[in-house]
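Note on naming: letters A, B, ... go to the chains in the order of the sequence lines (proteins, then strands), and numbering restarts at 1 for each one.
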Number of protein chains: 2
Amino acid sequence: MDLRKLRYFKVVADEKHIGRAAKVLHISQPPLTRQIQQLEEELGVTLFSRNPKGMELTDAGALLREEVRNIFSLIEQATERTQKAGQGRLGRMDIAIFGSGIMGDIPKMLLFFKERYPEVNIVLHTMGKGEQIKALRQKRISVGFNRLLAPLADISSELVSMEKLRLAISTKHPMASLEHIPFEKIREFPLVMYPTAGRPNFIDKTIRLCQLAGFTPDISQEVGDAVTGVALVASGFGACLVPESATVLSIPGVVYKPLSDTPDEAEVDLSCIYRNDDESPLLKAFLETLKEFRTIKDNRSLDELC
Amino acid sequence: MDLRKLRYFKVVADEKHIGRAAKVLHISQPPLTRQIQQLEEELGVTLFSRNPKGMELTDAGALLREEVRNIFSLIEQATERTQKAGQGRLGRMDIAIFGSGIMGDIPKMLLFFKERYPEVNIVLHTMGKGEQIKALRQKRISVGFNRLLAPLADISSELVSMEKLRLAISTKHPMASLEHIPFEKIREFPLVMYPTAGRPNFIDKTIRLCQLAGFTPDISQEVGDAVTGVALVASGFGACLVPESATVLSIPGVVYKPLSDTPDEAEVDLSCIYRNDDESPLLKAFLETLKEFRTIKDNRSLDELC
DNA sequence: CATCTTAATACTTTTAAGGTATCAATGAAT
DNA sequence: ATTCATTGATACCTTAAAAGTATTAAGATG
């Protein structure tokens, strides 16, 4: 079977006339006659009855005409979908986020992507840093969102945003009335820190920051994630350093205080990671959208300043 | 787009290896490489990632593979269905029957046909003789069942069966106790006859038969069909000549009596008519099945005699 | 480092699709 | 009744494209 024959058949069926059909197809009449004959021979079926005024479809021919319509529409769909997939506009993308990643820029970015690529199906998985890297290598995911990523040979990362830190303290604490808390006052709080897994992590970063500021933090408790940490603060466990985005989480008895006199690096990154041998157009589209998202975000914050 | 390319693509996708795929396809490797390159170029999409061990489908390629499966299955279906239609094993057949044709051999024959050609959709239309011929000429039907057909230039007919006549009389009539009624006793009954339309018809035939037997029948009433005729007999209108097949219709107060001492032609035919320029394989199949039906019917009646 | 395997390229041969000229059959017009 | 125009089919030639052969380039493997 040959699509050329089916295409020719369709035109002859429409025109009911070999000569006219040949003109429509921009070929001469004899090869068209032969193609139709070959098609009939191949199927073993008479598709047209030839009368001196032209050609008329037989019942079998009429049925084939319907089928041919479906075939062409299916082929058209297939090529379109394949092309979309090749441009990263169609497909499935598995993305990992960390526990408290459901807050802040990640959902904004994902929504932004989904608006631009509505036919890309995003599947979210919650996993820690080490698990994300493993899943990336096993190709179970294409992208992971995380913080404080150590460079790896086979994995690249792209910054999403930088976030300032805030200190979650009890509303009953004397400093709760202050506008800002100077960074070095952190030494006075027993700290609840997270996460316990995935080095280098936020705990390591905090310790380094405090040492830069000339003191060693009093880490009283380690927990798995920001939500648990802040919950402990509410219960009187001390203070907890969190990125700005986590402050959307409001818990009675806790206030988030901006820090003053902070070291330069008193910010934490939000990045996304991906295999650097990943040539997928979906990933390409995702990273491009991410850059666009960052630009728009920057402009918006400028706007907000004016 | 070209089915050859899709076929080749499918095999390469299965084998993940151009060389092996070429062997499966019984061609050499270079032309296969080129076909795949051309397909990618045509779609503007990279379908395979080439590594030194072979070829791996990209996401877009994997999607195309699924689509290609559907395309081939659709094409396969289309050819099969077209071939079936070409052999008269698939399609729609419009058949006309006359009013009392729902009794007797017609439904048997249609059932017989339907068993052999289950994918042929039979659509029945009830119409009189003249209407059938008109519908045949306008190609609204392919076959009509009727009796006593005058030969026509553009319409052929094929005998289905011959039926003896019986006389429907009231159970109250003195002759109701007889085993047979001699043909010439018909002169003693006022006759209810049918149909009123479509010459030559059963009425003409009856008149001729009676004249052959040496009398003129007393036609007291003309009605449209056998059912009405027999119903009138029940009400005391006299007698009604009906073909054997109509005797399945049992109405209280009416008995059907076989005739004795009948003229040779005291039988009525059941035939089917069709356009003699109709080359449709459906009709061919139908007529062949009809012949087969007649043969089986003959054998069966022989069996019944033994 | 040599060797093997992979897919890709250069060039030739073969196949098949397309073109030109013509025919046979049919129907319409003179 | 004969001519003429129109239909699809056939014979033969040309062109395009698919397949084959030989070879190359790039990685992997021992």
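- Listed here is the closest heavy atom pair of Leu43(A) and Thr82(B): CD1-CG2, 4.2 Å.
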Can I get a per-line list of side-chain donor-acceptor pairs under 3.5 Å for residues 144-157 of chain A, giving both atom names and the distance, sequence neighbours left out?
| unit_1 | atom_1 | unit_2 | atom_2 | d |
| --- | --- | --- | --- | --- |
| Asn146(A) | ND2 | Gln132(A) | OE1 | 3.3 |
| Arg147(A) | NH1 | Glu163(A) | OE2 | 3.1 |
| Arg147(A) | NH2 | Glu163(A) | OE2 | 3.4 |
| Asp154(A) | OD1 | Arg137(A) | NH2 | 3.1 |
| Asp154(A) | OD2 | Arg137(A) | NE | 2.7 |
| Ser156(A) | OG | Asn276(A) | ND2 | 3.4 |

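- Taking the 5' to 3' direction, DNA chain D first and last meets chain B under 4.0 angstrom from a heavy atom at dA18(D) to dA28(D).
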What donor-acceptor contacts under 3.5 angstrom involve side-chain atoms of residues 44-53 of chain A, with partners at least two apart or in another chain?
| unit_1 | atom_1 | unit_2 | atom_2 | d |
| --- | --- | --- | --- | --- |
| Ser49(A) | OG | Glu56(A) | O | 3.4 |
| Arg50(A) | NH1 | Glu40(A) | OE1 | 3.2 |
| Arg50(A) | NH1 | Glu40(A) | OE2 | 3.0 |
| Arg50(A) | NH1 | Phe48(A) | O | 3.0 |
| Arg50(A) | NH2 | Glu40(A) | OE1 | 3.0 |

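- Map Gln38(A) and Arg50(B) each onto its nearest nucleotide of DNA chain C; the residue landing nearer the 5' end is Arg50(B).
- Mapping heavy-atom proximity under 4.0 Å, the span of DNA chain C touched by chain A runs 5' to 3' from dA17(C) to dG27(C).
- Residue Arg4(B) is classed as a sugar-phosphate contact, given heavy-atom separations below 4.0 Å to backbone atoms only.
- Fit an axis to the five pairs at each end of the helix from dC1(C)-dG30(D) to dT30(C)-dA1(D) and the two axes sit 10° apart, to the nearest 10 degrees.
- Residue Gln35(B) is in sugar-phosphate contact alone, with no base atom involved, counting any heavy-atom pair closer than 4.0 Å across all strands shown.
- Nearest heavy-atom pair across Leu290(A) and Cys272(A) is CD2-SG, 3.5 Å.
- Using a 4.0 Å heavy-atom cutoff across all strands shown, Gln37(A) reaches sugar-phosphate atoms only and no base atom.
- For the atom pair NZ (Lys5(B)) and CD1 (Ile36(B)), the distance works out to 9.5 Å, reported to the nearest 0.5 Å.
- For Leu136(B) against Arg275(B), the heavy-atom pair with the smallest separation is O-NH1, 2.6 Å.
- Tyr8(B) comes within 4.0 angstrom of the backbone, heavy atoms only, and of no base.
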Considering only distance and modelled atom types, tabulate donor-acceptor pairs under 3.5 Å from the side chains of residues 279-287 of chain A, sequence neighbours left out.
| unit_1 | atom_1 | unit_2 | atom_2 | d |
| --- | --- | --- | --- | --- |
| Ser280(A) | OG | Leu282(A) | N | 3.0 |
| Ser280(A) | OG | Leu283(A) | N | 3.2 |

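- To the nearest 0.5 angstrom, Ile27(B) atom CD1 is 7.0 Å from Gln35(B) atom CD.
- Mapped onto DNA chain D by nearest heavy atom, Lys53(B) and Lys5(B) fall at different nucleotides, with Lys5(B) at the one closer to the 5' end.
- A salt bridge does not link Glu131(B) to Lys134(B): none of the charged side-chain nitrogens sits closer than 4.0 Å to a carboxylate oxygen.
- Backbone-only engagement by Pro52(B) is indicated by non-hydrogen atom pairs under 4.0 Å involving sugar-phosphate atoms exclusively.
- In this structure, Lys16(A) and Arg34(B) both approach DNA chain D, and ranking their closest nucleotides by distance from the 5' end singles out Lys16(A).
- Contact between Pro195(B) and Asn201(B) at its shortest, heavy atoms only, is O-ND2, 3.0 Å.
- The shortest heavy-atom contact between Arg20(A) and His17(A) is N-ND1, 3.0 Å.
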